[in-house]
There are 2 protein chains.
Amino acid sequence: MKRNTWQREAVREALASNEGFVSAQSLHTGMREHGSPIGLATVYRALADLATEGEADSLQSPDGEALYRACSTSGHHHHLICRRCGLTVEIAADDVEAWAHRVASEHGFTDARHVVDVFGLCAACTGSSVSAPAVAPAAAPHRKQQ
Amino acid sequence: MKRNTWQREAVREALASNEGFVSAQSLHTGMREHGSPIGLATVYRALADLATEGEADSLQSPDGEALYRACSTSGHHHHLICRRCGLTVEIAADDVEAWAHRVASEHGFTDARHVVDVFGLCAACTGSSVSAPAVAPAAAPHRKQQ
DNA sequence: GTTGCTGTTGAGTATCATTATCAATAGGCG
DNA sequence: CGCCTATTGATAATGATACTCAACAGCAAC
């Protein structure tokens, strides 16, 4: 039986309070900074569950990190993501859905899924593009500083 | 100055001899099995270089691994990938390019890039879908066995 | 409210991919 | 041929994520 724990709810809320995509790591760090003693493993588990249940969307960042986001639109959709501040807009893309299935079947492929995401600079970040990030860095996805 | 080494050439060839996307790890393993004493770090470096120079395309597998492929089409294009055997077809997608830029600018985003890939089952794999993989597993991207 | 069963948690550890380190090696120009 | 320096590769380091297992905490029955 599935139990209700404050941890799972806390992860859901922390995710919902985020504008854009966040990594499990940074979500965990953020939650601890807010006083929650939640464990890292639990955050990973909760995020995986939410993604499975369709309450969250996930994508792979170019760095190979998995990023998560609580999505308001329940159905299938795609994302327009600011690569500077992480701001995310949900976009419907019926044209693209149709295109994906068409090219798949043209080449004999079946059971087509697709990954379609657009990265750019949002209006705010375009303006302040040359200087340091002007927006809350907490909202931005975690980046490795290698 | 950029030097020509047999290692770099060997990676290029190994990549070219592959139908679909391969991970750096499996490419390295395969090369060693063919008798090449090349080092893992060198394979990573060579793949990163090839990707930078546009001689190879890379994408993140759902497992978070980076996969590489030698692409014949020089310009910008996308991929239709069999999730069973790794077979990859290069597809042009002018419609999608236009769409991506349109939705980006509609939302005030600039400098739009996009990730567009279609995963499915190729004709051969669709036929043998219920049983074990019928195609050469060497051609399939490496998968973690967790 | 108490008890007991069992799903969940979390600290630590393991694993895997990838990158950094650095001494030894080998292009390629003179 | 010899030198300079880019490249290599064995190994260690790093970072994300998954696993382990004992302690804990929902929840239902009493």
Side-chain angles (χ1 to χ4, degrees), chain A residues 1-15 21-53 55-56 58-69 86 140-146, chain B residues 1-15 21-53 55-56 58-69 86 140-146:
Chain A
M1 166 217 327
K2 191 109 180 174
R3 289 174 184 174
N4 289 330
T5 62
W6 65 265
Q7 287 98 333
R8 223 171 271 269
E9 194 53 37
V11 170
R12 202 199 311 272
E13 280 180 20
L15 200 60
F21 280 85
V22 272
S23 69
Q25 300 279 347
S26 59
L27 195 65
H28 176 241
T29 304
M31 293 177 77
R32 302 216 88 152
E33 283 172 355
H34 278 293
S36 172
I38 195 168
L40 178 59
T42 305
V43 174
Y44 273 99
R45 276 187 289 242
L47 286 174
D49 284 356
L50 289 173
T52 301
E53 294 160 16
E55 292 195 60
S58 69
L59 60 82
Q60 298 286 133
S61 85
D63 294 332
E65 251 181 329
L67 303 181
Y68 296 87
R69 180 165 189 274
H142 170 70
R143 307 234 100 206
K144 291 184 209 172
Q145 64 286 290
Q146 302 175 10
Chain B
M1 168 217 323
K2 190 107 180 178
R3 289 175 184 174
N4 290 330
T5 62
W6 64 264
Q7 286 96 335
R8 222 171 273 269
E9 195 51 37
V11 171
R12 201 197 313 270
E13 279 179 21
L15 199 60
F21 280 86
V22 271
S23 69
Q25 299 281 347
S26 59
L27 194 66
H28 176 241
T29 303
M31 293 177 76
R32 302 217 88 151
E33 283 173 355
H34 279 291
S36 171
I38 195 169
L40 177 60
T42 305
V43 174
Y44 273 99
R45 277 186 291 242
L47 286 175
D49 284 356
L50 289 173
T52 301
E53 294 161 17
E55 292 195 61
S58 70
L59 60 81
Q60 298 286 136
S61 84
D63 293 332
E65 250 182 330
L67 303 181
Y68 296 86
R69 180 166 188 274
H142 170 70
R143 310 232 97 206
K144 291 184 208 172
Q145 65 288 289
Q146 303 171 10

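What you see is a predicted model; the values in this text were computed from it and never measured. All values below were derived from every heavy atom in this structure, side-chain atoms included, with hydrogens, water molecules and symmetry-related copies excluded. Protein chains get the first letters and strands the later ones, always in sequence-line order, with residue 1 at the start of each.
Phosphate contact (OP1/OP2 of C:dA26, side-chain N/O of B:Gln7, threshold under 4.0 Å): absent. Residue B:Tyr44 places none of its side-chain N or O atoms closer than 4.0 Å to OP1 or OP2 of C:dT19.
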Provide a list of protein-nucleic acid N or O atom pairs under 3.5 angstrom, restricted to nucleotides 28-30 of chain C.
unit_1: C:dG28; atom_1: OP1; unit_2: B:Asn4; atom_2: N; d: 3.1

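Rounded to whole Å, the distance from CG on A:Asp49 to P on C:dG7 is 14 Å. For the pair B:Leu47 CG and C:dT18 P, the interatomic distance rounds to 9 Å; values are reported in whole Å. The nearest whole Å value for the distance from the CZ atom in A:Arg8 to the C1' atom in C:dT8 is 7 Å. One can place CG of A:Asp63 at 17 Å from C1' of C:dC16, the figure rounded to the nearest angstrom. Atom CG in A:Leu40 sits roughly 12 Å away from atom P in C:dG12 (whole-Å rounding). Rounded to an integer number of Å, the gap from B:Gln60 CD to D:dT17 C1' is 14 Å. Summarising the geometry, the separation between CG on B:Leu27 and P on C:dA17 is reported as 14 Å, rounded to the nearest angstrom. Distance B:His28 NE2 to C:dA17 P: 13 Å, rounded to the nearest Å.
Set against C:dT8, C:dT18, D:dT17, the side chain of B:Ala24 has C:dT18 as its closest nucleotide. Comparing D:dA16, C:dA17, C:dG10 against the side chain of A:Thr42 picks out C:dG10 as the nearest.
Residue A:Gly39 is the one, among A:Gly39 and B:Tyr68, whose nearest nucleotide of DNA chain C lies closer to the 5' end (criterion: closest heavy atom).
In this structure, B:Leu47 CG and B:Leu67 CG are separated by 10.5 Å, a value rounded to the nearest 0.5 Å. We find the CD-CG distance between A:Gln25 and A:Leu40 to be 5.0 Å, quoted to the nearest 0.5 Å. Note that NE2 of B:His28 and CD of B:Glu33 are 10.5 Å apart. Values are rounded to the nearest 0.5 Å.
For B:Arg45 and D:dG9, a side-chain-to-base donor-acceptor distance below 3.5 Å is present, hydrogens and geometry of angles not being considered.
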Decide yes or no on side-chain contact (heavy atoms from CB on, under 4.5 Å) for B:Tyr68 and B:Leu15, but give the supporting numbers first. CA-CA 8 Å; B:Tyr68 296 86; B:Leu15 199 60; 4.1 Å; yes

From CA spacing to verdict: salt bridge (charged side-chain N to carboxylate O under 4.0 Å, His left out), B:Arg12, B:Glu53: CA-CA 12 Å; B:Arg12 201 197 313 270; B:Glu53 294 161 17; 5.0 Å; no

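The shortest distance between side-chain heavy atoms of B:Leu59 and B:Phe21 falls below 4.5 Å. Residues B:Val11 and B:Thr42 form no side-chain contact, since every pair of their non-hydrogen atoms from C-beta on lies 4.5 Å or further apart.
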